[in-house]
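Worksheet: one structure, shown below.
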Number of protein chains: 2
Amino acid sequence: MPEISLSIGALARSVGCKVQTIRYYEQIGLLPAPARTAGAQRRYGPVQREKLSFIRHARELGFPLPAVRELLVLAEQQKSGCAQADQIAHRQLDAVNRHIAMLNSLRVELERMLQHRRGYRTGECRVIATLADHGLCRGEHHGQPTQD
Amino acid sequence: MPEISLSIGALARSVGCKVQTIRYYEQIGLLPAPARTAGAQRRYGPVQREKLSFIRHARELGFPLPAVRELLVLAEQQKSGCAQADQIAHRQLDAVNRHIAMLNSLRVELERMLQHRRGYRTGECRVIATLADHGLCRGEHHGQPTQD
DNA sequence: GCTTGAAGCTCTAGTCGCTGTAGGTTTTAG
DNA sequence: CTAAAACCTACAGCGACTAGAGCTTCAAGC
């Protein structure tokens, strides 16, 4: 019986997130409302700590909250959800790979911009010239960055 | 004299962004307010088209709007801004590289999660087990994804 | 038992960079 | 002249939190 109940602050420290984040998860129905003290302060048990830890881990892996919600359901009915969980994880892996590919093309162009700058005999800046003239980059790629 | 003045829709098509985006840039003071027709519709000239194109190109490279704003100022005073522009571009390159590094570590963990799933004799799902138990991943890494 | 300061509470607004909608007006092609 | 497309303003919403104001409760020391 090491942790009978945790305050929200202790819970936040123990999983490494902010107090407000926990309250936010409760508000959007991701975490169930916990028990309260007589003075209406939240107290959490080990089960809820595990659940929050699960959520945070999934979030750190970049799963969006709707996906986290699905994974929580699958985790709860701990049977027959494996194929679906795999599918969700695959989707996330695909998204991460697409994101990486895009960022790599951005990196290439930023590096090109910076490497060629030594032409400033002319008084003009390569970085600015590149941004001003889309023809100066190889220009096939870089659609805009999506978020996750 | 091919383009004397463009409507907002024509401008949007010509640089590849949405009409609302242009109005938004005007609203936040990134693009100057253009001339208007008698009926109060916006009309743009080639100078503003170039400016918008510059902005969009920078955005596609992931520069945040405050950085774009700085770059625009440097581009306007087209002298002596090169060192600063380089610095901004370097900052952006660093941010992109950090982002890539983090996503790579996420990819590694997602792949590990998915590859090991063949242990489902036990009826338990590797994906869910991994999310539930932080000890199952190598666990040193993955701080949370930052946006740009 | 009392004090005090940290930590808790609710509620609201702000972040970033747009995007979408509602409800109306103007332009333009036929 | 009509009808449809494009435009206008104003505001709400996205995702996932984060920050602040203004108040209350808890826990530890005396």
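Throughout, protein chains are lettered first and strands after them, A, B, ... in sequence-line order, and every chain is numbered starting at 1.
- For B:Lys18, a side-chain nitrogen or oxygen approaches OP1 or OP2 of C:dG20 to under 4.0 Å.
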**Item:** Summary of protein contacts for nucleotides 6-11 of chain C, nucleotide by nucleotide, where a base hit scores B, a sugar-phosphate-only hit scores S (4.0 Å, heavy atoms)
**Value:** --SSB-
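- One hydrophobic cluster, built from ILVMFWY side chains closer than 4.5 Å, cannot hold both B:Leu52 and B:Val47; they sit in different ones.
- Looking at heavy-atom distances under 4.0 Å, A:Tyr25 makes contact with sugar-phosphate atoms alone, never a base.
- Distance B:Leu65 CG to C:dT19 P: 12 Å, rounded to the nearest Å.
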**Item:** Check against side chain to side chain donor-acceptor pair (under 3.5 Å), B:Arg49 and B:Ser14
**Value:** CA-CA 8 Å; B:Arg49 205 204 85 100; B:Ser14 98; 2.8 Å; yes
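- By the 6.0 Å contact criterion, CD on B:Glu50 is open, its count of non-hydrogen atoms from other residues, nucleotides or ligands being 12 or less.
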**Request:** Would you please test A:Arg56 and A:Thr21 for side-chain contact (heavy atoms from CB on, under 4.5 Å) and show each step?
**Result:** CA-CA 10 Å; A:Arg56 288 309 305 165; A:Thr21 304; 4.0 Å; yes
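- Protein atom CD of B:Gln20 is 9 Å distant from nucleotide atom C1' of C:dC18, rounded to whole Å.
- Rounded to whole angstrom, the span from the OH atom of A:Tyr24 across to the C1' atom of C:dG14 amounts to 14 Å.
- Residue-to-nucleotide proximity on DNA chain D shows that, of B:Gln27 and A:Pro66, the 5′-proximal contact is made by B:Gln27.
- Here the side chain of A:His57 pairs a donor or acceptor atom with the backbone of B:Thr130 at under 3.5 angstrom.
- Taking atom CG of A:Leu30 as the reference point, atom C1' of D:dG15 lies 13 Å away to the nearest angstrom.
- In this model, the phosphate group of C:dG17 is not approached by any side-chain N or O of B:Thr21 to a distance below 4.0 Å at OP1 or OP2.
- In this structure, CD1 of B:Ile55 is placed 10 Å from P of C:dC18, rounded to the nearest angstrom.
- Side-chain atoms of A:Gln92 come within 3.5 Å of backbone N or O of A:Gly62 as a donor-acceptor pair.
- What separates CD1 of B:Ile22 from P of C:dG17 is a distance of 18 Å, to the nearest Å.
- In terms of phosphate contacts, A:Thr37 brings no side-chain nitrogen or oxygen within less than 4.0 Å of OP1 or OP2 of D:dT25.
- Note on A:Arg56: a side-chain N or O is less than 4.0 Å away from OP1 or OP2 of D:dC17.
- One atom, CG of A:Leu31, and another, P of D:dA16, lie 15 Å apart when rounded to the nearest Å.
- Using modelled atom types, no side-chain atom of B:Arg91 and backbone atom of B:Ala95 make a donor-acceptor pair closer than 3.5 Å.
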